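Everything below concerns the one structure shown next.
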Amino acid sequence: MYTGNELRDMFRKYFEERGHKILPSASLIPKDDPTLLLTVAGMVPFKPYFQRRVEPPFPRATTAQKCVRTPDLEEVGKTARHHTYFEMLGNFSFGDYFKNEAIPWAWEYITQVLKIPAEKLWVTIYPEDAEAKSIWVEKAGVKPERIVGDPENFWAAGPTGPCGPCSEIYIDLGETRGCGKPGCSVGCDCDRFLEIWNLVFMQYNRDEAGVLTPLPKQNIDTGMGLERIASVMQGVETNFDTDLFRPIIDFVAGLAGIAYKENPKSDLALKVVADHTRAVSFMLADGIRPNNEGRGYVLRRILRRAVRYAKLLGIDKPFLESVFRIIQRDYAHAYPELKENENFIVNHLNLEEKNFQATLEQGTQMLQEKVKGLLEQGGTVLAGTDAFYLYETYGFPVELTEEMLEEHGLAVDMPSFQAAAEEHRQRAKEQSQQMRAVSESPALVQKVKQLGITPFVGYDKISSMANIEGLFVAGEERQDAGEGEEVTIFLSETPFYAESGGQVADGGVLRTSRAEARVLDVKKGVTGTLYHRAQIVTGVLHVGETVEAVADQTNRLATTRHHSATHLLQAALRSVLGEHVQQAGSLVTPERLRFDFTHFSPLTPDDLRAVEGLINEAVLKNMPVEATEMSLDEAKQSGATALFGEKYGETVRVVKMGTFSKELCGGTHVQSTGEIGMVKILSEGGIGAGLRRIEAVAGLETLAYLRSLDEQVSEVAQLLKAQPADIGKRVGGLVAQVKDLERELSHLQAKLSKNEAEGLLSRVAEVEGIPVLAAQVQASDMEGLRQMADLLRSKLPTGVLVLGAVSEGKVNFVTAVSPTGLSGLHAGQIIKEVAKITGGGGGGRPDMAQAGGKDPSKVGEAIDRVPAILRGFLQK
Ligand code: SER
């Protein structure tokens, strides 16, 4: 019996022997591919080769590729074969061999190497692909009656891109695994016929409009799911029973204190938790960060599903990290990123789990309220919209909601839940279609493709003579453009830095003897073409003429200083806080730098001083700054800091500052660190879970910052009529003085109230023989009013007291009844009636109560009505 690891190796070795280069799995983040969120198939990393956007460096390759697919998320665990994360074994030809080789090799591998009996196998082809059929029969030796046509045999990685007809190998697992329905045969959805290998004959490219154009060359892309083939070879029922999964499942079962394969419901949850934790571990290992959009959102959704299903299993403690450790143990030898990025993975797992727990608790509370409401009203079903709200807002799977309702004998209105979910899906789909409709004009796309990479000559100069290669106004190609027009210009080479790696674009001018344009922005397209957006100030610019392109030197220098300072900052942070610090975002402008990084707690003032100190020492050492181009491997070996999760090309630029910092970077830099000038950190703070942000200034901006501080100090000193050096002491004195004054003021106020209170005592009246004092008084707030009431109470041992006050438009009332229970009177009830007159409400204890009102103009009336209100209560 072959293990999963053996199957992975055997496959690649078989194809290596047939001239294929074994490549490591590419990242789950597709490189330079805006059409895909995640690597969904073995061919994704090779799309540029199929499309010949990039010349393939070798004609054949074979891989075991990490993949994540989520359209069938809900199916995971329910079927024998759905996963989110899985490994795809594949062999690829980039315009080299085609069907004639791919088909017999696949057959040989399955029947000779894996020794699966041909009698168990079936082949499907694209109905119009007679060529494939004849190769299967003649070259591979498959019996014609075992080959069936399937119109669905056409494969594409997404709505656009390389695609082609395909041919699949199926294994018949036997009648006992089938659904038993009359039409059950190859292609049936049941578990009997299992697709084990897909051979795609990549020969078309599909564009946005769905039009197929032949690719420059014919290619091969095959895919065999590792988990599937392992289930076949290991003779187990589902992928989850293979050695690739079973240890994870058993571990989770152990956490839950249950056994696998005892109860279908808990088995489902075990499979979901195992599958999902494996997926998020690998996604994190590739640098995907959980957040609310794109692939970060996919990651978050999967992770949350794992937590929810664990809850169904009764796992109430944090568990993700412990499951990850099992995955790491079993997979790190094949995927070392599970070890290398361990801190990142564990930190994010724990943080997300904790945060989601809190959300779940909130959701549970909300559900409990709904349950209470239902029970009170004698209802038995929760509205589908409520269940969907719980799902959308708190991530409650409807199964969990059902489970929680069941405990109270309640249920979810499932049809209306489905309807709400469907409506939501529809809305989301429309939104994404609307977004896709916005794109560049076809002429512009054509132009950029034709131009390719614009050489950047701005590392050591800020001006150059360049040819105008293309000119567009509002997406329309033009031969010239004149004064006042805003144009997109393509140059043969450029000294303008295009916004990238956090560094903002250069501004500047384009000049001929008769015309001048102001460069507003420069952007780099996916093809490496630089778009100069410019406004023509005078004259006319023509395609084909030479312009002098001059970047704004002052701004460029200032930006450059901030960029170099950013490198020093990153190195200093890693040295002070630890190697776990990873860049998470960066902005470099002429005015300042902003650097986001991973770290789990605020920096202490000592940390900040240490970081700032290290940076400025590095500046003063005036270390040489060297930029060298090298291969990515060399760069990594040299220990250069790379942006985690970022994709780099084959050759990279490494920027080294003495021995202090070494980073992969395409930006512009000073020649020696002394040019940066003094660096000052302005702020440090948290911007999200495990993420911090530092803002700092360098060079002349530091001077400007210090000057403005200076001015502020002088201004304060002038106001205080003190020397700048004395302002601390003077402000301290002022603060103490203000406190004294406040104390005195409140003392005087109290005295005033006391006088007023004493005056009030003359206004005590009697209602049905009970002394009553009702009055509108002056009191700045509730506290003052209560104090006055206390004072009056001490002077009026028997009776009822009602005070009202208005201050800053706010109405306050206090009522006291003493002794408690006097003639059945209740302060809380009295004040409720009184406050109501002013549109307020309140209540309280029988002896003392307070309330707020709304309408200040009604306070007098409320007070006047007190005797009547009291009479009302006394008569009851
Ligand atoms: N791209 C095809 C698939 O994923 C074959 O590798 O099925």
Side-chain angles (χ1 to χ4, degrees), residues 7-8 11-12 14-15 18 20-23 25-26 28 30 33 35-51 56 60-72 75 79 81-99 101-103 105-107 109-110 122-126 129 132 136 150-171 186-187 193-206 212 215 218-230 232 239 279:
L7 289 166
R8 190 190 290 123
F11 181 92
R12 292 181 298 189
Y14 175 87
F15 284 101
R18 281 154 190 81
H20 293 65
K21 185 170 165 71
I22 298 185
L23 295 176
S25 171
L28 284 166
D33 191 342
T35 69
L36 287 176
L37 220 46
L38 291 159
T39 299
V40 293
M43 54 74 74
V44 169
F46 303 123
K47 279 169 73 177
Y49 301 161
F50 293 139
Q51 292 167 325
R60 304 171 181 190
T62 178
T63 55
Q65 173 63 47
K66 299 180 278 189
C67 301
V68 168
R69 289 185 192 173
T70 53
D72 291 326
E75 291 299 309
T79 69
R81 37 192 105 147
H82 278 97
H83 297 304
T84 47
Y85 170 87
F86 60 94
E87 287 176 68
M88 188 78 109
L89 304 170
N91 56 291
F92 305 90
S93 152
F94 312 121
D96 185 26
Y97 65 85
F98 200 47
K99 294 179 198 173
E101 291 78 7
I103 291 176
W105 279 339
W107 193 252
Y109 187 76
I110 292 286
W122 288 83
V123 166
T124 64
I125 54 163
Y126 189 58
D129 195 353
W136 281 110
D150 181 352
E152 284 188 5
N153 273 11
F154 194 94
W155 200 91
T160 63
C163 55
C166 62
S167 195
E168 297 165 329
I169 302 180
Y170 279 78
I171 182 166
V186 181
F193 297 94
L194 177 63
E195 178 212 324
I196 50 176
W197 204 341
N198 184 14
L199 282 63
V200 185
F201 311 123
M202 286 283 172
Q203 45 192 322
Y204 301 110
N205 194 59
R206 189 160 58 191
L212 299 178
L215 286 166
Q218 294 175 319
N219 312 280
I220 290 292
D221 148 36
T222 87
M224 170 154 69
L226 176 66
E227 290 81 356
R228 281 189 190 195
I229 198 68
V232 172
N239 298 2

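Atoms within a ligand are numbered from 1 in the order they appear, just like the ligands themselves. Side-chain atoms are counted along with the backbone in the values below, which use heavy atoms only and exclude waters and symmetry mates. Source: prediction; values computed, not measured.
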Task: Proximal protein residues to ligand 1, non-hydrogen atoms under 4.0 angstrom - done: Ala41, Met43, Arg69, Met88, Trp155, Asn198, Val200, Asp221, Thr222, Gly223

Open item on the list: Is the distance from the ring center of Phe46 to that of Phe92 below 6.0 Å?
Closed with: yes

Task: Check: Asn91/Thr222 side-chain N/O donor and acceptor closer than 3.5 Å - done: yes

Task: Partners meeting ring pair (Phe, Tyr, Trp, His ring centres under 6.0 Å) with Tyr85 (sequence neighbours left out) - done: Phe282

Task: Pairing residues for His20 by the ring pair (Phe, Tyr, Trp, His ring centres under 6.0 Å) criterion, not counting sequence neighbours - done: Phe15, Tyr97, Trp105

Task: Under 3.5 Å donor-acceptor, Glu87 side chain and Cys67 backbone - done: no

Output a table of donor-acceptor pairs, distance under 3.5 Å, between side-chain atoms of residues 151-161 and any protein atom two or more places apart or on a different chain; print 'none' if there are none.
residue: Asn153; atom: ND2; partner: Thr124; partner atom: O; Å: 3.4
residue: Asn153; atom: ND2; partner: Thr124; partner atom: OG1; Å: 2.8
residue: Asn153; atom: ND2; partner: Cys166; partner atom: O; Å: 3.4

